[in-house]
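In what follows, a structure is listed as structure tokens, so that the remarks can point back to it.
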Amino acid sequence: MMKKCLALLCALLMLTALIPSALCEEEPMSNLAFFESLNFDNGLEVVTRVFERFPLQYAATLGTDGNPQIRPIEFKFEQDGVLYFDTVVFYSTYAELLAHPYIQLCICDQETMTYVRLGGKVNFTKDEDIINRCFEESPVLTSQFGDRREFVIGYYLTEVWAEFNSFSESLPRQVYYLPNRFDEEAAK
């Protein structure tokens with residue numbers, strides 16, 4: 001109801017030429033404006049915001065046959081500085097990550113010639129809260145495995161590094177190391 005009232009008010013005010021029509025239209029932020037809005041002093045925020053804006057990443061693993069494997073995956077969420085993802089126990093990804101627990105992810109925006117690469121060590125978890133949050137964050141996961149949650153396993157990354165790189169002159173090149181509480185626990 002409120003939206004309809006605002007639209008009606010904007011239309012009325014445009015007719016009376018009191019405000020320009022551009023104020024009544026909400027234009028989506030361009031990718032360049034999005035990247036320029038990032039706080040490049042905070043690597044975790046950069047990675048999280050980029051992965052949320054570009055929800056499909058490509059991940060590289062080492063296959064069980066020793067050959068590289070690449071596939072699309074979906075970042076799920078960040079919580080307390082930890083990045084979470086999921087897989088399914090009968091997928092080849094799971095077997096690959098059990099055998100070689102390192103992964104790299106990449107997104108690329110062709111519009112700005114900008115990319116983010118991220119890598120780290122995979123650590124599996126069956127924590128119900130984490131699995132439930134993965135489902136909350138992903139309609140795709142819910143549609144495929146909503147009634148078969150026992151097959152889904154979450155994972156988080158340690159030893160995380162990230163690289164932000166762009167061929168747009170207004171954007172910096174950054175490398176980040178993103179230790180989290182699990183790295184600190186392993187160091188003790």
Side-chain angles (χ1 to χ4, degrees), residues 2-3 6-7 9-11 13-14 17-62 68-87 93 97 101-123 130 133-134 136-141 154-184:
M2 182 68 156
K3 247 184 173 175
L6 283 173
L9 179 61
C10 282
L13 291 174
M14 279 190 303
L18 292 176
I19 63 171
S21 62
L23 292 177
C24 292
E25 297 174 10
E26 198 173 309
E27 292 188 33
M29 181 184 282
S30 73
N31 288 346
L32 181 59
F34 165 76
F35 288 126
E36 289 175 338
S37 76
L38 296 174
N39 174 5
F40 288 100
D41 293 331
N42 184 335
L44 182 63
E45 180 183 317
V46 168
V47 168
T48 302
R49 287 192 58 207
V50 169
F51 280 12
E52 287 171 349
R53 182 165 177 108
F54 300 92
L56 184 64
Q57 300 86 42
Y58 289 91
T61 60
L62 186 58
Q69 303 294 318
I70 190 164
R71 66 189 44 85
I73 67 168
E74 182 182 48
F75 166 69
K76 294 304 186 277
F77 64 96
E78 176 270 328
Q79 181 175 302
D80 301 324
V82 180
L83 302 171
Y84 288 93
F85 303 83
D86 63 57
T87 190
T93 308
L97 291 172
Y102 287 88
I103 193 167
Q104 280 195 27
L105 296 94
C106 185
I107 69 95
C108 183
D109 172 44
Q110 191 171 1
E111 176 185 318
T112 61
M113 297 301 292
T114 300
Y115 66 90
V116 172
R117 287 188 333 134
L118 176 109
K121 183 176 183 183
V122 171
N123 302 268
I130 299 300
R133 177 92 186 267
C134 287
E136 288 170 18
E137 298 294 331
S138 178
V140 172
L141 182 65
Y155 63 92
Y156 59 89
L157 301 181
T158 54
E159 303 174 25
V160 180
W161 59 269
E163 173 188 6
F164 180 94
N165 209 335
S166 182
F167 295 99
S168 291
E169 292 180 17
S170 64
L171 298 173
R173 293 179 179 181
Q174 297 285 114
V175 174
Y176 303 103
Y177 298 96
L178 306 173
N180 60 51
R181 64 185 169 95
F182 293 111
D183 289 308
E184 295 162 9

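Numbering of residues begins at 1 and proceeds along the displayed sequence.
The stretch residues 74-85 participates, sequence neighbours left out, in these salt bridge (charged side-chain N to carboxylate O under 4.0 Å, His left out) pairs: Glu74-Lys76, Lys76-Asp86. Pairs of residues two or more places apart, or lying in two chains, that qualify as salt bridge (charged side-chain N to carboxylate O under 4.0 Å, His left out) and include a residue from residues 157-168 are Arg117-Glu163.
In this structure Gln69 satisfies the side-chain contact (heavy atoms from CB on, under 4.5 Å) test together with Thr61, Asp65, Asn67, Arg71, Glu96, sequence neighbours excluded. Every residue two or more places apart in sequence or in another chain that forms a side-chain contact (heavy atoms from CB on, under 4.5 Å) with Gln174 is listed here: Phe40, Phe164, Pro172, Tyr176. With sequence neighbours left out, the ring pair (Phe, Tyr, Trp, His ring centres under 6.0 Å) criterion links Tyr115 to no other residue. Under the rule for a ring pair (Phe, Tyr, Trp, His ring centres under 6.0 Å), the partners of Tyr155 that lie at least two apart in sequence or sit in another chain are Phe85, Phe124. Taking Glu136 as the reference, nothing meets the side chain to side chain donor-acceptor pair (under 3.5 Å) condition, with sequence neighbours excluded. Residues forming a side-chain contact (heavy atoms from CB on, under 4.5 Å) with Val140 (at least two apart in sequence, or on another chain): Ser138, Gln144. Evaluation of the side chain to side chain donor-acceptor pair (under 3.5 Å) rule for Asp109 yields Asn31, Thr112 as partners, not counting sequence neighbours. Under the side-chain contact (heavy atoms from CB on, under 4.5 Å) criterion, Asn39 pairs with Asp41, Asn42, Glu45, sequence neighbours left out.
Closest approach of Gly81 to Asn180, counting heavy atoms only: O-CB, 3.4 Å. Considering every non-hydrogen atom in both Thr114 and Ser168, the closest pair reads OG1-OG, 4.4 Å. Contact detail for Leu44 and Leu178: the closest heavy-atom pair is N-CD2, 3.6 Å.
Contact of the Glu111 side chain with the Ser30 side chain is registered, since non-hydrogen atoms from C-beta on lie closer than 4.5 Å. Contact of the Tyr102 side chain with the Leu62 side chain is not registered, since no non-hydrogen atoms from C-beta on lie closer than 4.5 Å. With contacts defined as side-chain heavy-atom distances shorter than 4.5 Å, the pair Phe75/Leu105 does not qualify. Within the 4.5 Å cutoff, the side chain of Leu157 has heavy atoms near those of the Val122 side chain. Within the 4.5 Å cutoff, the side chain of Phe182 has no heavy atoms near those of the Asn123 side chain. No side-chain heavy atom of Val47 sits less than 4.5 Å from a side-chain heavy atom of Val160.
Taking the six-membered ring where tryptophan is involved, the planes of Phe54 and Phe34 are perpendicular, since the angle between them exceeds 60° and thus also 30°.
Here Arg133 contributes atom CZ and Phe77 contributes atom CZ; the two are 5.0 Å apart, rounded to the nearest 0.5 Å.
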